[in-house]
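Just so you know, these numbers come straight off a predicted model, no measurement behind them.
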Amino acid sequence: MSGRKPARKPEWSGGTKDGVVSPWQGTRDRVRGRSRGTAGRRERARRQRVGRAATPRRGQRTSRRARPPTALFTWGAIALVVIVVMVVVVVGRSAKTTSSISFSYLPRPVPASILGEITHLSAASYDAVGISGGVTAPTVLHTLPLLEFTGKPGVFVLDGEFCPYCAAERWAVITSLSRFGSFAGLKTMQSSPIDVHPRTQTFEFATTTYTSEFITAKLLEMYGQDKPTRRRPVLRMPSKVEAELMKKYDTDSSLPFFDAGNEVIFSGSSYTPGVLSGLSRATIAADLSHPASPVARLILGASNYLTAGICDVDGEKPDAVCSSSGVKAAATALGLGA
């Protein structure tokens with residue numbers, strides 16, 4: 001023996017001693033492994049945070065300003081693309097629908113049979129209708145002095161070819177004026193195919209002349225037919241006198257507009273064009289001879305009102321027209337001649 005005391009056996013700190021594995025080796029290694037794994041994860045997280053904004057802690061509110069601006073830009077760009085696509089689709093569908101509609105219409109002289117039915121109706125048909133509940137009465141102004149054209153009581157009518165309400169009212173205007181004079185060059189027309197009550201069958205005044213020994217009528221067809229571009233041409237601008245009448249009496253710029261001597265005026269159609277929808281011009285003209293028909297009740301009822309207005313400004317001439325029971329009923333309803 002050397003006489004030395006054997007060295008004190010150190011406490012196990014892991015590893016092996018003389019090839020003998022410590023009984024704590026497994027446990028301590030597992031603990032150290034977890035420690036090293038946790039530290040590794042923390043180190044990786046720290047490295048990932050380098051160069052970017054810190055991640056808010058749990059429970060910490062995120063400021064709107066902290067959001068990356070690229071995200072807002074991305075969503076804004078997506079929304080803009082969606083809106084553009086929707087506009088393109090809507091416009092494309094509208095263009096496709098418009099392109100499939102026929103806008104071409106060639107006015108033709110009114111057939112003699114139809115012209116006779118609308119300009120030479122019997123007084124009995126007008127009298128049988130009288131005034132109709134479905135007709136809006138014109139307005140009485142009692143304006144002085146009365147409107148005159150070329151030394152005669154004046155009647156002014158404003159229309160547009162595209163206008164469905166003008167299309168309906170022309171039937172009443174033509175039947176009324178025909179009781180005081182005659183038309184020449186009257187041609188066919190229909191209302192716009194893209195407006196309400198499309199293609200309402202009617203007539204046009206652009207190439208029409210009217211003569212009467214009792215009155216002078218100015219028939220202004222101001223606007224033409226709608227085009228595929230959804231615009232309509234101006235056929236004729238009003239004269240200075242006509243423009244003054246429109247400004248003074250057609251205050252809401254309605255079409256059609258009817259003025260009998262500045263005494264009796266009407267803005268807009270006196271009855272709905274719907275009654276004429278889908279009917280041919282020949283059918284409408286034939287129905288006027290049947291006072292019980294809805295077409296006759298509205299057109300002839302409106303005609304009696306307009307006729308009463310003209311009679312009031314031209315001295316109740318001709319007597320056979322102005323003294324008829326249908327016109328008298330309309331005059332009484334308007335308070336004329338009292």
Side-chain angles (χ1 to χ4, degrees), residues 117-159 168-183 186 205 208-220 242 245 249-250 256-271 288-289 291 296-338:
E117 288 177 312
I118 63 177
T119 60
H120 293 85
L121 274 168
S122 67
S125 295
Y126 290 103
D127 294 342
V129 171
I131 55 176
S132 172
V135 177
T136 301
T139 300
V140 179
L141 298 179
H142 299 296
T143 302
L144 294 174
L146 295 178
L147 174 67
E148 290 188 348
F149 294 132
T150 62
K152 297 178 183 177
V155 174
F156 174 61
V157 180
L158 172 65
D159 277 317
E169 194 70 12
R170 278 195 197 90
W171 289 87
V173 170
I174 292 172
T175 53
S176 301
L177 291 179
S178 294
R179 305 173 85 174
F180 300 90
S182 60
F183 288 92
L186 196 62
F205 291 151
T208 299
T209 57
Y210 174 79
T211 57
S212 168
E213 64 177 295
F214 307 107
I215 60 174
T216 298
K218 300 285 188 178
L219 310 175
L220 173 57
E242 293 168 344
L245 293 175
Y249 299 111
D250 189 17
F257 172 68
F258 177 92
D259 181 347
N262 292 345
E263 173 83 356
V264 176
I265 66 171
F266 196 89
S267 296
S269 177
S270 54
Y271 63 94
L288 296 180
S289 298
R297 292 188 61 79
L298 294 179
I299 293 178
L300 300 188
S303 181
N304 279 333
Y305 275 124
L306 301 184
T307 301
I310 297 173
C311 286
D312 188 66
V313 299
D314 81 340
E316 303 291 327
K317 302 173 184 177
D319 181 70
V321 171
C322 297
S323 63
S324 64
S325 62
V327 174
K328 285 295 186 183
T332 300
L334 295 175
L336 299 174

Got a sec, which residues hit ring-ring contact (aromatic ring centres under 6.0 Å, His included) with Tyr210, two or more places apart in sequence or on another chain? Phe183
Do Leu158 and Leu245 come within less than 4.5 Å of each other through their side chains, counting heavy atoms only? no
Is any side-chain heavy atom of Ser289 closer than 4.5 Å to one of Leu121? yes
Using side-chain contact (heavy atoms from CB on, under 4.5 Å), reason through Leu144 and His142 one step at a time and then give a plain yes or no. CA-CA 7 Å; Leu144 294 174; His142 299 296; over 6 Å; no
Quick one: does Leu334's side chain get under 4.5 Å of Pro138's, heavy atoms only? yes
Leu220 side, atom CG; Phe156 side, atom CZ - distance, nearest 0.5 Å: 5.0 Å
Less than 4.5 Å apart, any side-chain heavy atom of Leu141 and any of Asn262? no
Which pairs would a plain distance check flag for residues 305-322, meaning a side-chain donor or acceptor within less than 3.5 Å of a matching protein atom at least two apart in sequence or in another chain?
{"from": "Thr307", "atom 1": "OG1", "to": "Ser303", "atom 2": "O", "distance (Å)": "2.7"}
{"from": "Asp314", "atom 1": "OD1", "to": "Glu316", "atom 2": "N", "distance (Å)": "3.1"}
{"from": "Asp314", "atom 1": "OD1", "to": "Lys317", "atom 2": "N", "distance (Å)": "3.2"}

Please round to the nearest 0.5 Å and tell me the distance separating atom CD1 of Ile299 and atom CZ of Arg170. 13.0 Å
Let me confirm one number: the CD1-CZ distance from Ile131 to Arg297, rounded to the nearest 0.5 Å. 10.0 Å
So do the side chains of His120 and Ser178 get within less than 4.5 Å of each other, counting heavy atoms only? no
Minimum-distance pair of heavy atoms, taken over all atoms of Gly326 and Asp127: N-OD1, 2.9 Å
Over all atoms of both residues, closest heavy-atom pair of Glu263 and Leu146: OE1-CD2, 3.9 Å
Heavy atoms, side chains only, cut-off 4.5 Å: are Leu219 and Leu177 in contact? yes
What do the steps show when you test Asp159 against Val173 for side-chain contact (heavy atoms from CB on, under 4.5 Å), and what is the final call? CA-CA 11 Å; Asp159 277 317; Val173 170; 5.7 Å; no
What distance separates Leu298 CG from Glu169 CD, expressed to the nearest 0.5 Å? 10.5 Å
Glu242 side chain near Asp259 side chain, heavy-atom distance below 4.5 Å: no
Which atoms form the tightest heavy-atom contact between Val155 and Phe258, and what is the distance? CG1-CE1, 3.8 Å
Heavy-atom pair with the smallest gap, counting every atom of Ser122 and Tyr126: O-CD1, 3.5 Å
So, do Ser182 and Thr119 sit near enough that their side-chain heavy atoms are less than 4.5 Å apart? no
Looking only at heavy atoms, which two atoms of Pro256 and Ser269 are closest? And how far apart? CD-N, 3.7 Å
Between atom OH of Tyr271 and atom OG1 of Thr136, what is the distance when rounded to the nearest 0.5 Å? 12.0 Å
Donor-acceptor contact present, side-chain Asn304 to main-chain Gly130, <3.5 Å: yes
Which is it for Leu186 and Phe205 under the side-chain contact (heavy atoms from CB on, under 4.5 Å) test, yes or no, and what are the steps along the way? CA-CA 7 Å; Leu186 196 62; Phe205 291 151; 4.1 Å; yes
Smallest separation among heavy atoms of Phe149 and Thr216, with atom names: O-OG1, 3.2 Å
